[in-house]
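Read the structure below first, then the notes.
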Amino acid sequence: MLESNRLWAEELKAADPEFFERLSESQNPEFLWIGCSDSRISPTASVGMLPGEMFVHRNVANLVVHTDMNCLSVLQYAVEVLEVRHIIVCGHYGCGGVKASLDDARHGLIDNWLRHIQDVRTKYADELDRQPDYGSRLDRLCELNIIEQIINVGETTIVQDAWQRGHELFVHGWIYRIADGVYRDMKITVRSMSELLGLRGSTHGQRAGTLPAGGSQG
């Protein structure tokens, strides 16, 4: 790995001799990526970005938990210091954490973390029960989990304070299918308190059928 890193750095310097010198002086990313820790996904490289172009936070099943100081610290730094304009919550189909939550599988300490996804499963139980088969239920829970995390991002004081200050800040939902390597825009973007309230309202009262899907059949 060290040798591969040396070759990678040499290739970048050959194309742009001052690249790393500029990079060492500051970072000015426009995007914050909140994604899954899955080793098969490399966020920056997979969207064709270079180091310094995207701030990244990853955890199991791309959760935004309001007691997770790690995630909140990344979010606060990205919004208030780096002044990113876009937050992308990205999950993927076949997520192991989502699958474990759907199956009520036990894996030890991580079960406490996955409890948050089980809450999503319970909230949307009626919609999940309407899916034709297990694979469809798993795909839909992956999508619903992203929608809930978008809401969680918007409900932080960090994002709400930014909106109140007039900071143009967009929260997007994307989903990825590892089998084809393509990200899909879930067509959910929240950029204000009113849009957050609209999205939150659409998830209440078992109205999940009105929520967009990320193309689980596509």
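Bear in mind the structure is a predicted one, so any value in this text is a computation, not a measurement. Index from 1, following the sequence.
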Give every donor-acceptor pair under 3.5 Å between a side-chain atom in residues 41-50 and any protein atom, sequence neighbours left out.
unit_1: Ser46; atom_1: OG; unit_2: Ser42; atom_2: O; d: 2.8
unit_1: Ser46; atom_1: OG; unit_2: Pro43; atom_2: O; d: 3.0
unit_1: Ser46; atom_1: OG; unit_2: Tyr183; atom_2: OH; d: 2.6

Distance-only criterion, 3.5 Å: show the donor-acceptor pairs between side-chain atoms of residues 25-35 and protein atoms not counting sequence neighbours.
unit_1: Ser26; atom_1: OG; unit_2: Asn28; atom_2: ND2; d: 3.3
unit_1: Glu30; atom_1: OE2; unit_2: Arg85; atom_2: NH1; d: 3.1

For residues 190-200, please give each side-chain donor-acceptor pair under 3.5 Å, one per line with the distance, not counting sequence neighbours.
unit_1: Arg191; atom_1: NE; unit_2: Glu195; atom_2: OE1; d: 3.3
unit_1: Arg191; atom_1: NE; unit_2: Glu195; atom_2: OE2; d: 3.4
unit_1: Ser192; atom_1: OG; unit_2: Ser194; atom_2: OG; d: 3.0
unit_1: Ser192; atom_1: OG; unit_2: Glu195; atom_2: N; d: 3.2
unit_1: Glu195; atom_1: OE1; unit_2: Arg191; atom_2: N; d: 2.8
unit_1: Arg200; atom_1: NE; unit_2: Glu155; atom_2: OE2; d: 2.8
unit_1: Arg200; atom_1: NH2; unit_2: Glu155; atom_2: OE2; d: 3.2

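With respect to Arg165 and Asp161, no salt bridge is recorded, no charged nitrogen being found less than 4.0 Å from a carboxylate O. Using a 4.0 Å cut-off between charged side-chain N and carboxylate O, Glu10 and Lys13 make no salt bridge.
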Decide yes or no on side chain to side chain contact (heavy atoms under 4.5 Å, CB included) for Lys123 and Leu144, but give the supporting numbers first. CA-CA 10 Å; Lys123 178 177 179 179; Leu144 292 168; over 6 Å; no
How far apart are the C-alpha atoms of Leu138 and Val98, what are their side-chain angles, what is the distance that settles it, and do they pass the side chain to side chain contact (heavy atoms under 4.5 Å, CB included) test? CA-CA 7 Å; Leu138 178 57; Val98 175; 3.9 Å; yes
Begin with the C-alpha distance, continue with both residues' side-chain angles, and end with the deciding distance and a verdict on side chain to side chain contact (heavy atoms under 4.5 Å, CB included) for Ile175 and Glu143. CA-CA 7 Å; Ile175 194 160; Glu143 294 169 351; 3.8 Å; yes
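Note on ring orientation: taking the six-membered ring where Trp is involved, the planes of Trp113 and His116 are perpendicular (angle over 60°, cut-offs 30° and 60°).
Side-chain contact between Val65 and Asn152 is absent, with no heavy atoms from C-beta onward closer than 4.5 Å. Between Phe20 and Pro51 the shortest side-chain heavy-atom distance does not fall below 4.5 Å.
A search for side chain to side chain contact (heavy atoms under 4.5 Å, CB included) contacts involving Glu18 returns Asp16, Arg22, not counting sequence neighbours. When the ring-ring contact (aromatic ring centres under 6.0 Å, His included) test is applied to Tyr134, no partner is found at least two apart in sequence or on another chain.
Pairs of residues two or more places apart, or lying in two chains, that qualify as side-chain hydrogen bond (donor to acceptor under 3.5 Å, both in side chains) and include a residue from residues 65-78 are Gln76-Glu80.
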